[in-house]
Number of protein chains: 2
Amino acid sequence: MELPERKRQILKAIVESYIETAEPVGSKMIAGVFSQPISSATIRNEMSELEELGFLEKPHVSAGRVPSYAAYRLYVDELMESYRVTTGEIERLQAAMRSRLRELDNIMVNASRIVSHFTDHTSVSIVDRAGGASVRKVQLVSVDDMTYAAVFVTENDARSKVLRLPSPLPGNEASLLERALNLAIGQRRLPELVSGLRMMAAPGNGALFLAEKVLEQVRELEGENHSADVYVDGAARLLNNREYQDPEKARDLLDYLSDRKKVGELARDEIPYVVNIRIGPENTDPRLRDVSFVFTAYDLDERTRGIVGVIGPTRMDYARTIARLSAIARQLSRLASGENAKYKLKESGEAHGGK
Amino acid sequence: MELPERKRQILKAIVESYIETAEPVGSKMIAGVFSQPISSATIRNEMSELEELGFLEKPHVSAGRVPSYAAYRLYVDELMESYRVTTGEIERLQAAMRSRLRELDNIMVNASRIVSHFTDHTSVSIVDRAGGASVRKVQLVSVDDMTYAAVFVTENDARSKVLRLPSPLPGNEASLLERALNLAIGQRRLPELVSGLRMMAAPGNGALFLAEKVLEQVRELEGENHSADVYVDGAARLLNNREYQDPEKARDLLDYLSDRKKVGELARDEIPYVVNIRIGPENTDPRLRDVSFVFTAYDLDERTRGIVGVIGPTRMDYARTIARLSAIARQLSRLASGENAKYKLKESGEAHGGK
DNA sequence: GGTTAGCACTCAACTCCCCCGAGTGCTAAT
DNA sequence: ATTAGCACTCGGGGGAGTTGAGTGCTAACC
């Protein structure tokens, strides 16, 4: 059941007006914008049908109409015209990205910052190591005899943890331990090694402590429930939107955003390399039920994907947000994995959201 | 010019009432709370004198009075009774801290979380490496031939950075480079080594790139302008206070909090090991001019100090906040540097703030 | 002289009421 | 199918009036 063209045009005009003004849209307002004039009464008839179809809602009887989630969905999928990112914008973007993005550590926090800045929304940046990268080796770097940094090397990344031991461990013992640990890791028998050590050594023993921490960390890195890296930037921008004037609402959302674990779950599903949009109730987390989450994936390297997105009111300017976000993601992908970027968004910036 | 006892009692009562209710305090309200009854007229006389002295302000003529910053200062310095942390609270605190605090990486983020949770305010946690720790050695851990983790070991800490090279660097070259770098670091001639390399190698060369990044990082770690590590937790709690119902204000403050660099400056000055309090305009940053910052320092180890604190409205419950914060800091110090804790707050939790 | 009762005064906040106007739905004419 | 017209709805804005908490001041009291 396709919507007839005029209804589509009217709905489009309503959504755009509401995106711009955040005010309920009345029939006269719409009647004014068409080249070939239509009377407001006609619009009213159309609007009342659109309401029956579930695309519009009335806050109250004399207040004009407001788009429903279904309207945004239709708008995004079929009505919206793509926003063309100007070359000026691209240049500013590239300038902002040029520096500081060689270090993998920084890429997420900077991506997050840039996205927030360029879209003027709150951004999230998530790095998802596919299926828990397997740890290939561990290296113990001595700081002093009570302190070691353990460096965990995976297929394509490394991360370190500084550990303060309960009792000293001389350097030669540490290198023995390191060898043993790596042997065990190679044979996938790390747990056995640790429980063996646990039998031999007193609790509080430095080597045992280290080994336990290493095991713990390996489990964390390899496990399913590894917490993805999450950055949020520009949270304060939420408060720019009139829908969060209510501090109650704003607080709930900020609360959500500070829960990294929860935010990390946003990236749980399969995410295609296009700009995805989850509008209002399409979000699984109830606290996101009246915001929209616009996001995309990019490759950091063969095994690691980044996800960047923005969170804003359902009435956000989707066209512009999508265009800018995809421009950023394209740049990120190129920067991160050299020139063999895998990010292939159609030029138009066209988007089909996924529930 | 000491304030006479009765005025002090009245002022104390006013501050406490305002802390509790956030409503301007009238003379009758106060008249009610004294054991030996005083008429409201008398209170009015006293209040009008306290106003002349600069301790009270009137929002408007018929609205009761509100404490000035000077009143809070006096309250905190002389009037406030210390809050006794209950054993139940201590137990909950210890339980919350018991786990996860062995790892130096985590201590700040957890400290921050715990402080926010136990004080019900927004917390900040800053780690300040005194004077820029000097880097003792660097270790290059190979992930693959295009990717290395550089581990920087200082007197008492280590941190790593994952670097993606523009061109491959075989492992043996990396270990040569590592040796050269460490030699140069030992002789304090790292810049010379790097500029030497720059002459020999083409730009884009892996070793040169690595060396440059290492130099950059060493400079960052040793430099004066090293950015302190900063964590903020519970930012959303700000919105619980009625003074931030105005989204404008709330946003400015949230903005401030997301500027790590600025927040890091909070710890710039010498900070004694007591609970410090900066009330309203005593804060140097203008954006903090009507909040209070309550904070304390604790030792992470010989060279590294942590600062934890909370940011809240000037009308916060100082007694309780101070007591809980100092309890947490005491625990942290003990946990972090074993049993030789340097944190010596007087048992009472007594506090003398410093501008 | 310090304290207090009493009283006039102030002013934000609340309520009540009215009106305006944007917007709707329906009907009848085109 | 479209549109002009009209009655109707209802939120919001703008006084006017009222309330009540609170003040300052004065005069009496101990």
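Residue numbers start from 1 in every chain, and the chains themselves are labelled A, B, ... in the order their sequence lines are given, proteins ahead of strands.
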*Given the rule in the side chain to side chain donor-acceptor pair (under 3.5 Å) test, do A:Arg260 and A:Tyr231 qualify, once you have shown the distances and angles that lead to the verdict?*
CA-CA 8 Å; A:Arg260 277 151 189 247; A:Tyr231 291 91; 5.7 Å; no
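- Atom pair A:Leu50:CG and C:dT24:P shows a separation of 12 Å (rounding to whole Å applied).
- Atom CZ of A:Arg65 is separated from atom C1' of D:dG11 by 16 Å (rounded to the nearest Å).
- Here A:Arg287 does not pair with A:Asp252 in a salt bridge; the nearest charged N to carboxylate O distance is not below 4.0 Å.
- Distance CZ (A:Phe34) to C1' (D:dT2): 15 Å, rounded to an integer number of Å.
- Taking atom CD1 on B:Ile43 and atom P on D:dT23, their separation rounds to 10 Å, with Å as the unit.
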Identify each atom pair where a protein N or O and an N or O of nucleotides 13-15 of chain D are less than 3.5 Å apart, giving names and distance.
none

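- Inspection of the A:Asn240 and B:Arg251 side chains reveals an N or O donor paired with an N or O acceptor under 3.5 Å.
- Evaluation of the side chain to side chain donor-acceptor pair (under 3.5 Å) test over residues 20-29 of chain B, restricted to residues two or more places apart or in two chains, returns B:Glu23-B:Arg242, B:Ser27-B:Arg44.
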Are there any protein N/O atoms within less than 3.5 Å of an N/O atom in nucleotides 3-7 of chain C, and if so, which ones and at what distance?
| from | atom 1 | to | atom 2 | distance (Å) |
| --- | --- | --- | --- | --- |
| C:dT3 | OP1 | B:Arg6 | NH1 | 3.0 |
| C:dT3 | OP2 | B:Arg6 | NH2 | 2.8 |
| C:dT4 | OP2 | B:Ser39 | N | 3.4 |
| C:dT4 | OP2 | B:Thr42 | OG1 | 2.6 |
| C:dG6 | O6 | B:Arg44 | NH2 | 3.2 |

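- The CD atom of B:Glu5 sits 9.5 Å away from the NZ atom of B:Lys12 when rounded to the nearest 0.5 Å.
- Residue A:Met47 contributes atom CE, which lies 17 Å from atom C1' of D:dT3 at whole-angstrom precision.
- Summarising the geometry, atom OG belonging to B:Ser258 is positioned 8.5 Å from atom CZ belonging to A:Arg113; distances are rounded to the nearest 0.5 Å.
- Counting to the nearest Å, the C1' atom of C:dG2 and the CD atom of B:Glu5 are 18 Å from each other.
- Contact of the A:His121 side chain with the A:Ile311 side chain is not registered, since no non-hydrogen atoms from C-beta on lie closer than 4.5 Å.
- By the 4.0 Å N-to-carboxylate-O rule, A:Lys7 lies close enough to A:Glu49 to be salt-bridged with it.
- For A:Thr119 and A:Thr321, the side-chain atoms include no donor-acceptor pair closer than 3.5 Å.
- Ring geometry for B:Tyr69 versus B:Tyr72: interplanar angle of 30 to 60°, hence tilted.
- Of the listed residues (B:Val308, B:Val263, B:Asp233, B:Ile307), just one forms a side-chain contact (heavy atoms from CB on, under 4.5 Å) with B:Val124, and that residue is B:Val263.
- A:Arg73 and A:Asp77 are joined by a salt bridge, as a carboxylate oxygen and a charged side-chain nitrogen come within less than 4.0 angstrom of each other.
- One finds no salt bridge joining B:Arg65 and B:Glu57 here, because no Lys/Arg side-chain nitrogen approaches an Asp/Glu carboxylate oxygen to under 4.0 Å.
- Contact between the side-chain N/O atoms of A:Lys58 and the OP1/OP2 oxygens of C:dA22 is not found at any separation under 4.0 Å.
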*Go along nucleotides 8-20 of chain C 5' to 3' and tag each nucleotide: B for a protein heavy atom under 4.0 Å from its base, S when only backbone or sugar atoms are that close, - otherwise.*
--BBS--------
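- When rounded to the nearest whole Å, the span between CD of A:Glu49 and P of D:dA1 equals 10 Å.
- In this structure, A:Ile30 atom CD1 and C:dA22 atom C1' are separated by 14 Å, rounded to whole Å.
- Residue pairs meeting the side chain to side chain donor-acceptor pair (under 3.5 Å) criterion with at least one partner in residues 307-318 of chain B, sequence neighbours excluded, are B:Glu243-B:Arg315, B:Ser292-B:Tyr318.
- For DNA chain D, the residues of residues 11-28 of chain B within the heavy-atom distance limit of 4.0 Å (strictly under) are B:Gly26, B:Ser27, sorted by number.
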